[in-house]
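Encoded as structure tokens, the structure appears first; notes follow it.
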Amino acid sequence: AQTVTQSQPEMSVQEAETVTLSCTYDTSENNYYLFWYKQPPSRQMILVIRQEAYKQQNATENRFSVNFQKAAKSFSLKISDSQLGDTAMYFCAFMKQDDYKLSFGAGTTVTVRA
Amino acid sequence: GAGVSQSPRYKVAKRGQDVALRCDPISGHVSLFWYQQALGQGPEFLTYFQNEAQLDKSGLPSDRFFAERPEGSVSTLKIQRTQQEDSAVYLCASSLVGLAEQFFGPGTRLTVL
């Protein structure tokens, strides 16, 4: 089984500032996918960003970017120019290549302050 | 529909009762997943369907849990003789195929008293 660890239960950030969420994972696989999901208080989870392990370039989606360190098995998410709508729980997730099961971390609650 | 829908959104059951949770995936999505999310935790995989075939039920915690998708569209997760430890949010997700992006529903919050 894959283990995904999010060591920060809660983070608070001022509007327009930057916040970085950490995620580490444990796997013996060489090819896999990593994800960050956002779960707002309404609880519908949406995909924020996805990274393929074979790609060295870090994925970016508008204000969201990742720092993928394969050797260190680290996959952090940076939210730039934080907005009130970014307030949510964020989950890091892992999927083996040619698999379909997502393994999630315990989540980090992000609160953006006005 | 525009997204994955689940019903009911909230369910309160007395210990020992049977419950049925429904998932309507995005039209045309072949793959359907059920996850269980305990309070303050990340979702955990329960089971996976490809069309009507249940290809993986390795995450179902006990034989009291049963899922079906008889016509390859709507799915029902049934829990028999509910226990307090079954209290959780049950999330359904669907995708075009197994390895594609999974789209999640809003979940059903089950509380067993």
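All chains are named by letter (A, B, ...) in the order of the sequence lines, taking the proteins before the strands, and each is independently numbered beginning at 1.
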- request: May I ask whether V110(A) and L84(A) are part of the same hydrophobic cluster, defined by side-chain heavy atoms of I, L, V, M, F, W, Y residues being less than 4.5 angstrom apart, directly or through others?
  value: yes
- request: For atom CG of N31(A), decide whether the heavy atoms of other residues, nucleotides or ligands shown that lie under 6.0 angstrom number more than 12.
  value: yes
message: A quick test of your reading: do over 12 heavy atoms of other residues, nucleotides or ligands sit less than 6.0 Å from NZ of K78(A)?
response: no
query: How about Q37(B) and F91(A): do any of their side-chain heavy atoms sit closer than 4.5 Å?
result: yes
- request: Step through the shown structure and confirm whether more than 12 heavy atoms of other residues, nucleotides or ligands are within 6.0 Å of NZ on K70(A).
  value: yes
message: To check you understand the geometry: which heavy-atom pair defines the closest contact between Q44(A) and V4(B), and what is its length?
response: NE2-O, 3.6 Å
- prompt: What about Y35(B) and Y90(B), same hydrophobic cluster or not, with Ile/Leu/Val/Met/Phe/Trp/Tyr joined at side-chain heavy-atom distances under 4.5 Å?
  reply: no
query: Do F104(B) and M95(A) sit in the same hydrophobic cluster, where Ile, Leu, Val, Met, Phe, Trp and Tyr count as joined when their side-chain heavy atoms come under 4.5 Å apart?
result: yes
message: Quick one, L102(A) with F33(B), criterion side-chain contact (heavy atoms from CB on, under 4.5 Å). Give me CA distance, side-chain angles, the key distance, then yes/no.
response: CA-CA 10 Å; L102(A) 287 164; F33(B) 309 82; over 6 Å; no
- request: Ignoring hydrogens and angles, tell me if any N or O in the side chain of Q102(B) forms a donor-acceptor pair with the backbone of K101(A) under 3.5 Å.
  value: no
field: Flag side-chain contact, heavy atom, 4.5 Å: L91(B) against Q39(A)
entry: yes
Region of Y37(A) in contact with chain B, defined by heavy-atom distances below 4.5 Å: side chain
message: To the closest 0.5 Å, what do you measure between CG (L55(B)) and OH (Y100(A))?
response: 6.5 Å
